[in-house]
Number of protein chains: 2
Amino acid sequence: MSLPHILLGLIAEPMSGYAIKQEFDTKLGHFWFAELSQLYPALKKLEADGLAESTAGPSSKGPPKKLYRRTDAGREELLRWLASEPGVLPIRHPYLAQVFFLGASKNPASTLAFFRELKQRLVATVQRLNAVEAGWASEDPRYPDELPEDEFYVQMTLTAGLAVHTAYCAWCDDCIARIQRRFSLA
Amino acid sequence: MSLPHILLGLIAEPMSGYAIKQEFDTKLGHFWFAELSQLYPALKKLEADGLAESTAGPSSKGPPKKLYRRTDAGREELLRWLASEPGVLPIRHPYLAQVFFLGASKNPASTLAFFRELKQRLVATVQRLNAVEAGWASEDPRYPDELPEDEFYVQMTLTAGLAVHTAYCAWCDDCIARIQRRFSLA
DNA sequence: GTTATCTATATAAGTATTTATATAGTAATA
DNA sequence: TATTACTATATAAATACTTATATAGATAAC
């Protein structure tokens, strides 16, 4: 169960649920997904468990913010998680599950379309991550190995996202070529 | 929601819940995880929805098997899923989430241990997948491009697993080297 | 000036998943 | 013959997650 720990990691400084959602959709987006409606009760539970505390904050737009910050107990719980085993489960990759059964469709043309659509999405992700990296590198001359320690590890997850999505892109190209060859398609 | 569709994919021929769990732990293990206690109600629901039907089968050991097989309606639902968009969400990679916050630990030695432990697990997965591939290639001279169509796509998921886990291994090595350099650790 | 968009929090209902537990037969092991 | 291990199904309870919906202020577009 990683979500509460991820939240504890994020709220080193006071943050609103809404701001946290934006972090998920940008910085954490290539390895974690969460709905906003999932974050509010999760934050509330951290507070109930004494791992976080909240303060009201002013908002430039809209209703007042509720800012959460981790307590010392919350920081300890975070450290426990970081010192525990690397979490490898559960793995769930919907599109690979689809590929696994693609033979049932008996329709090479639509299968090819599936892979092309997938490739497009993967390329878009690689491009987005590349842009993030380029921006970061141009803003901070310490990039990547002289970055402050916390950013040093954040940067590693960016590298991981790039490496893996690039590998998936190459795999996708290979699948497309093999399907074209096998079924004489263009 | 992919699980019901994966089950529909698997039960082209009659299969018991227990046998399905073994498929998850072997063939599908590198891209999907499911608990046995999740499979039984999921199969029951497919039957209730008219997408599968069950028959009692004899068992060599233990209580009688309950064999599920998809109906025509189930096959149609499977095809609908295969023709839909490639599923890219939700993504959840627990160990990358841990890496993201590793800076909070302020303990390069334990961080290094984390990556070494992770590397070990990744290598074990790559070795397992390599062994599967080697066995398959030696058993069937049609491997990989002349395989029957359904196995052709199954093989692609194996290729994906190998490509991605190999990329993660290289990334892990890189992270280890960077941490060693930065903190003068061996 | 009305609509759309963005900020911001929240809850209800439904679905999915995990953990714990129960049952029971067979076979090998100690 | 007692224990362990494997096959096999199943459910209850708890937790996690998704989808739909509600509220409301501020700003920008039309």
Side-chain angles (χ1 to χ4, degrees), chain A residues 1-8 10-11 14-26 28-29 31-49 51-52 54-68 81 87-94 97, chain B residues 1-8 11 14-26 28 31-49 51-52 54-68 81 87-94 97:
Chain A
M1 198 190 31
S2 306
L3 181 66
H5 293 109
I6 294 174
L7 294 176
L8 287 176
L10 290 171
I11 58 175
M15 278 185 97
S16 70
Y18 193 85
I20 290 170
K21 171 59 174 167
Q22 291 176 317
E23 293 282 280
F24 272 99
D25 289 348
T26 53
L28 290 76
F31 64 86
W32 204 272
F33 174 84
E35 293 289 351
L36 191 52
S37 61
Q38 194 186 354
L39 301 182
Y40 288 115
L43 288 166
K44 198 171 258 188
K45 183 160 193 304
L46 289 180
E47 195 173 23
D49 292 347
L51 303 177
S54 69
T55 53
S59 171
S60 50
K61 291 175 170 185
K65 291 177 182 178
K66 195 167 175 181
L67 302 170
Y68 287 88
W81 178 60
V88 288
L89 286 178
I91 301 172
R92 288 190 184 97
H93 290 201
Chain B
M1 198 190 33
S2 308
L3 181 66
H5 293 108
I6 294 174
L7 294 176
L8 288 176
I11 57 174
M15 278 185 96
S16 71
Y18 193 85
I20 290 171
K21 171 58 175 167
Q22 292 176 318
E23 294 281 282
F24 272 100
D25 289 348
T26 53
L28 290 76
F31 63 86
W32 204 273
F33 174 83
E35 293 286 351
L36 191 51
S37 61
Q38 193 187 355
L39 302 182
Y40 288 115
L43 288 166
K44 198 173 259 187
K45 183 160 193 305
L46 289 180
E47 195 174 22
D49 293 347
L51 303 176
S54 69
T55 52
S59 172
S60 50
K61 290 176 169 185
K65 292 177 179 176
K66 196 166 174 181
L67 302 170
Y68 287 88
W81 178 60
V88 288
L89 285 179
I91 300 172
R92 289 187 184 101
H93 289 200

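Quick note on labels: first sequence line is chain A, next is B, and so on, each numbered from 1. Atoms considered below: every heavy atom in the structure, side chains included; atoms not considered: hydrogens, waters and symmetry mates.
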Check whether any side-chain N or O of [X] sits under 4.0 Å from OP1 or OP2 of [N], and answer yes or no.
X      : N       : result
K66(A) : dA10(C) : yes
K45(B) : dT15(C) : no
K21(B) : dT7(D)  : no
Y18(A) : dT9(C)  : no

How many Å lie between [atom1] on [X] and [atom2] on [N], as a whole number?
X      : N       : atom1 : atom2 : result
L7(B)  : dT15(C) : CG    : C1'   : 15 Å
Y40(A) : dT7(C)  : OH    : P     : 11 Å
L89(A) : dT17(C) : CG    : P     : 14 Å
E47(B) : dT9(D)  : CD    : P     : 13 Å
L39(A) : dT11(C) : CG    : P     : 14 Å
M15(B) : dT7(D)  : CE    : P     : 14 Å
Q22(A) : dC6(C)  : CD    : P     : 11 Å
L36(A) : dT9(C)  : CG    : P     : 8 Å

*What residues form a side-chain hydrogen bond (donor to acceptor under 3.5 Å, both in side chains) with E47(B), not counting sequence neighbours?*
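Applying side-chain hydrogen bond (donor to acceptor under 3.5 Å, both in side chains) to E47(B) gives S54(B).
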*asked:* Run the side-chain hydrogen bond (donor to acceptor under 3.5 Å, both in side chains) test against K21(A) and tell me which residues pass, sequence neighbours left out.
replied: D25(A)
*Can you figure out which of dA10(C), dA8(C), dT17(C) approaches the side chain of S16(A) most closely?*
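Between dA10(C), dA8(C), dT17(C), the one nearest the side chain of S16(A) would be dA8(C).
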*L3(A) side chain, from C-beta outward: closest of dC17(D), dT7(D), dT9(D)*: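 Taking heavy atoms from C-beta onward, the closest nucleotide is dC17(D).
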*asked:* Nearest heavy atom decides the nucleotide; on that basis, is P41(B) or W32(A) closer to the 5' end of DNA chain D?
replied: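 That would be P41(B).
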_Residue pair A52(A) / I11(A): nearest heavy atoms and the distance that separates them_ = CB-CD1, 3.7 Å
*Nearest non-hydrogen partners of L39(A) and A34(A), listed with the distance*: CD2-CB, 3.9 Å
*Name all pairs fulfilling the salt bridge (Lys or Arg N to Asp or Glu O under 4.0 Å) condition that reach into residues 33-46 of chain A, sequence neighbours left out, sorted by first residue then second.*
K45(A)-D49(A)
_Any residue meeting side chain to side chain contact (heavy atoms under 4.5 Å, CB included) with P41(A), in chain and number order, not counting sequence neighbours_ =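 Here no residue qualifies.
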_Residues which pass side chain to side chain contact (heavy atoms under 4.5 Å, CB included) with A97(A), listed by chain and number, not counting sequence neighbours_ = I6(B), F31(B), W32(B), W81(B)
Using the 3.5 Å cut-off, write out each protein N or O paired with an N or O of nucleotides 18-21 of chain D and the distance between them.
residue : atom : partner : partner atom : Å
dT18(D) : OP1  : R92(B)  : NH2          : 3.0
dT18(D) : OP2  : Q38(A)  : OE1          : 3.4
dT18(D) : OP2  : R92(B)  : NH2          : 3.0
dT19(D) : O4   : S37(A)  : OG           : 2.6

